[in-house]
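Below is one structure, written out as structure tokens, with a few remarks after it.
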Amino acid sequence: MSTYKKDIPVFLTEAQIKSKVKEIAAEINKEFGDEEVTLIGTLKGSFVFFADLVRELKMPTRCEFLGVSSYGHQTTSSGEVKVTLDLSASINDKNVILIEDIVDTGLTLSFLLEYLNARKPRKLKTTAFLFKKVALKAKDLTIDYVGFEIPNRFVVGYGLDYAEHYRGLPYIGTLD
Ligand code: 5GP
């Protein structure tokens, strides 16, 4: 699959995405009130969800990003996670929310939770916009705020790529 496809079938519409982001934000606003929160987005996939979510949050926020290695050009998880960009500030004793685009096998999230917990945050919560529950391999994984549980399909758009394409699609589409 090396050619760019123009008409990607819609899986989740812009309207569905928008209202789900508001729902997640409402839960976070309720839980944290006026307490400061450090948001950590995993690059590259979560940048669009991150940008939408942060604009719905009412408390003071700090924005951090973690670069993690992705699939490359394949559509199946390698299970190997490499941090390619680290945090720019300490999260010691901070309220932290890790923002993930999609949880598939859960191996990335599981690795990142251990990685971040080692830095002793006060609270560490997780949100994933999409969750392929059926594909989950990691054990004892908690996702505090889930957007949509989706079937085991390969999706693109809303930040998610295939070979670096389609990240800018305003909706989520299927490519398999
Ligand atoms: P996991 O470690 O949970 O198996 O995979 C997480 C990462 O795999 C995501 O952050 C994302 O980069 C990639 N990924 C998993 N499923 C999909 C998918 O359906 N579409 C795209 N574009 N990336 C995916």
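Note: hydrogens, waters and symmetry copies are ignored here, and every other heavy atom, side chains too, is used. Remember, it's 1-based here, ligands and their atoms both numbered in the order they're listed.
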> With ring centroids as reference points, do Tyr4 and Tyr166 lie under 6.0 angstrom apart?
Replying inline: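 Tyr4 vs Tyr166: aromatic centres under 6.0 Å.
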>> Can you confirm whether or not the ring centre of Phe148 sits under 6.0 Å from the ring centre of Phe129?
In response: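 Close enough - the centres of the two rings lie under 6.0 Å apart.
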> To the nearest 0.5 Å, what is the distance between CG (Leu124) and CG (Asn117)?
Replying inline: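 Leu124 atom CG to Asn117 atom CG measures 5.0 Å (nearest 0.5 Å).
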Give the numbers and elements of all ligand 1 atoms closer than 4.0 Å to a heavy atom of [X].
X: Thr108; answer: 1 (P), 2 (O), 5 (O), 6 (C)
X: Asp161; answer: 21 (C), 22 (N)
X: Leu160; answer: 21 (C), 22 (N), 23 (N)
X: Lys132; answer: 16 (N), 17 (C), 18 (C), 19 (O)

> Is the closest heavy atom of Gly45 to ligand 1 under 4.0 Å?
Replying inline: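 It does not, in that no heavy atom of Gly45 comes within the 4.0 Å cut-off of ligand 1.
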>> I need the contact type for Arg153 against ligand 1. Using non-hydrogen atoms and a strict under-4.0 Å cut-off, is it side chain, backbone, both or neither?
In response: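 Near ligand 1, Arg153 shows its backbone, while the atoms from C-beta on stay back.
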>> Please classify the Asp101 to ligand 1 contact at 4.0 Å (heavy-atom distances, strictly less than): side chain, backbone, both or neither.
In response: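 The answer is the side chain of Asp101.
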> Do the charged groups of Glu23 and Lys20 touch, with an N to O distance under 4.0 Å?
Replying inline: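 Lys20 and Glu23: salt-bridged.
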>> Under a 4.0 Å threshold between the charged nitrogen and the carboxylate oxygen, would Lys123 count as salt-bridged to Asp144?
In response: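 Between Lys123 and Asp144 there is no salt bridge, as every charged N stays at least 4.0 Å from the carboxylate O atoms.
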> Which is closest to atom 18 (C) of ligand 1 by heavy-atom distance: Tyr162, Phe154, Tyr166, Tyr158?
Replying inline: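 Selected option, by shortest heavy-atom distance: Phe154.
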> Would one find an N or O of Val103, backbone or side chain, under 3.5 Å from an N or O of ligand 1?
Replying inline: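 By distance alone, the answer is no.
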Quiz: residues 32-41 side-chain donor-acceptor pairs under 3.5 angstrom, not counting sequence neighbours:
from: Glu35; atom 1: OE1; to: Asn95; atom 2: ND2; distance (Å): 2.8
from: Glu36; atom 1: OE2; to: Arg62; atom 2: NE; distance (Å): 2.8

> Can you tell which of Lys125, Glu27, Glu31 makes a side-chain hydrogen bond (donor to acceptor under 3.5 Å, both in side chains) with Tyr145?
Replying inline: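 The residue from Lys125, Glu27, Glu31 that satisfies side-chain hydrogen bond (donor to acceptor under 3.5 Å, both in side chains) with Tyr145 turns out to be Glu31.
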